Engineer: 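Please find one structure pasted underneath; my questions will follow.
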Amino acid sequence: MAIIMFLFIIYFLYQKIIFNNKAGNLNLILISVDTLRPDHMGVYGYNKNTTPNIDKWAKDAFVFTNAYTIIPLTYPSFTALMTGRYPIETKIIDNADGPMQNNIKTLAENLKKKGYATGASVTNMALDSELTNINRGFDYYEVNEDEKEVMGSLDYLDNGFNWIRDNKQVPFFFWLHIKAPHRPYYPRTQLRNIFSKSYKNTIEGINFSEARSRQDELVKKIKCYKQDGIKDEKYLEELIDTYTRLYDEDILNGDYIFKHIIDYINKSGLNKNSIIVFYGDHGESMDHDYYFSHGRVIYNSSVKIPLMIKLPNNENGVIDYLIDNTSIHNIISNLLFNTNRAHLSLKDIDSLVKRYSKDEIYIMDNAATKGGIVNKRYKYIKTLRTFKDDCLNKYSEEFYDLSLDKAENTNLISQIKYKEIIDKLREDFKTNFFKYFPMKEKDINNSQDKIDKLKSLGY
């Protein structure tokens, strides 16, 4: 009898430690959106109404204004978020880098050990479980890549909602990833012609696959236009205008899907006992000789990301500390197990984020051609290697004063008045960059197998 009583006490203490009063445990809901630039969202000051539902929701959330992804590509971005580790440990810098190592634990694995049910419904084959192993720790993991779903059908959400309904009796972690506005931009019919003057035959009257082909051709025409010698500036401006407006309408498409997710959360009462995180994995470049894509450049249009966190008490505010994906992992983990997590104030959140903030963030492109440092005012970029006939080989070094030049249009690397600052950033780069990223220039390899895998994923 004494043994039974002893085991019961041990079990009770275990439950107390693991659940920290199970009835009070908060769920974690991660809503992520692919290829979403914060400067194209109303909550971050954009002048078009691209995100009305997100903007409304954000009024009761903490909005982060200086969040970065260390690599502007889906799989590497989520690897950093889910593990809290840099590529020097994960070895993941590219969508084609293969599965994560088993010894690196994910957020889902850690929460599962704490007693959480874990599920995910994602729409991007770059997050396929066989390709990435990022599904580790999830009881349920569904990847949706059907064209109707990518175009914006809401059917795939039902499986996720059903999983939540069946598991909400215990604390749970659920991740929903929305692919819109990833290219090809194909907003639902009722959202077209809101921002676009014309579509230049890019989507009207054609199916999703045809739209992909036509937009890929459009991007080829725009890409590196200065080096390709396009003379018709008016034609070029129309192409760029068309592409940008399509992107904005597909952001609206993602916002439409977001509304359905939030409506379900609110109607189910989950907003009262859940931490909800809104995360963008990377941006989209529409600048610097019009490289219209992501992955290969590390300007802020690609690496600066939207981030918002909503607590049950609807406390809100703006958080300006400099953070990257790994910081976000630590902030989320701390919030879930903070003893006062349901009642945290702006001051509390500010103090927590400050603990995980950075003075400088180190970033790299997915082909390991560019490395950089960004702080709250300056950006330094160094070319690590070059590809033959690559239009992105314009500079060996770049330096931008973000307080004066948010779009990073003017390279100030030769400006004498910035010499001391540039020299310090150069030294920081030399000393620290390879502490975060696993390759040296001579070791960088971009094999044909990788290229073929990326092409198969639409990159």
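Being a predicted model, the structure only gives us computed values, none of them experimental.
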Engineer: Verify ring pair (Phe, Tyr, Trp, His ring centres under 6.0 Å) between Y380 and F399, making sure each step is shown before the conclusion.
Structural biologist: CA-CA 5 Å; Y380 171 79; F399 173 79; 7.7 Å; no

Engineer: Looking at R212 and D216, is any side-chain nitrogen of the basic one under 4.0 Å from a carboxylate oxygen of the acidic one?
Structural biologist: no

Engineer: Salt bridge or not for D97 and K91, using N-O below 4.0 Å?
Structural biologist: no

Engineer: Would you please test Y185 and Y247 for ring pair (Phe, Tyr, Trp, His ring centres under 6.0 Å) and show each step?
Structural biologist: CA-CA 6 Å; Y185 308 136; Y247 174 71; 5.4 Å; yes

Engineer: Measure from NZ or CZ of R183 to the centre of the six-membered ring of F292 and say whether it is under 6.0 Å with the direction within 45° of the ring axis.
Structural biologist: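 R183 over F292 ring: no.
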
Engineer: If you count every heavy atom of other residues, nucleotides or ligands that lies below 6.0 Å from K259 atom NZ, does the total exceed 12?
Structural biologist: no

Engineer: Side chains of Y279 and L81, heavy atoms from C-beta outward: is any pair under 4.5 Å?
Structural biologist: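 Yes. Closest side-chain heavy atoms under 4.5 Å.
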
Engineer: Can you confirm if the aromatic rings of Y362 and Y86 lie within a centre distance of less than 6.0 Å?
Structural biologist: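 For Y86 and Y362, the ring centres are not under 6.0 Å apart.
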
Engineer: Is it the case that atom CG in D359 sees more than 12 heavy atoms from other parts of the structure closer than 6.0 Å?
Structural biologist: no

Engineer: Checking side-chain contact (heavy atoms from CB on, under 4.5 Å) between D281 and each of H177, H294, H182, which is the one that passes?
Structural biologist: H177

Engineer: Can you tell me how the ring of F258 sits relative to the ring of W57, calling it parallel under 30°, perpendicular over 60° and tilted otherwise?
Structural biologist: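 Perpendicular.
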
Engineer: Per the salt bridge (Lys or Arg N to Asp or Glu O under 4.0 Å) rule, what does the pair list look like for residues 123-136, sequence neighbours excluded?
Structural biologist: E109-R136

Engineer: Please, which pairs that meet salt bridge (Lys or Arg N to Asp or Glu O under 4.0 Å) have at least one residue in residues 320-334, sequence neighbours excluded?
Structural biologist: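 Checked against salt bridge (Lys or Arg N to Asp or Glu O under 4.0 Å) - neighbours excluded - the pairs reaching residues 320-334 are D320-K376.
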
Engineer: Can you name the closest pair of heavy atoms from F429 and G371 and give their distance?
Structural biologist: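 Closest pair (atom of F429, atom of G371, distance): CE1-C, 3.5 Å.
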
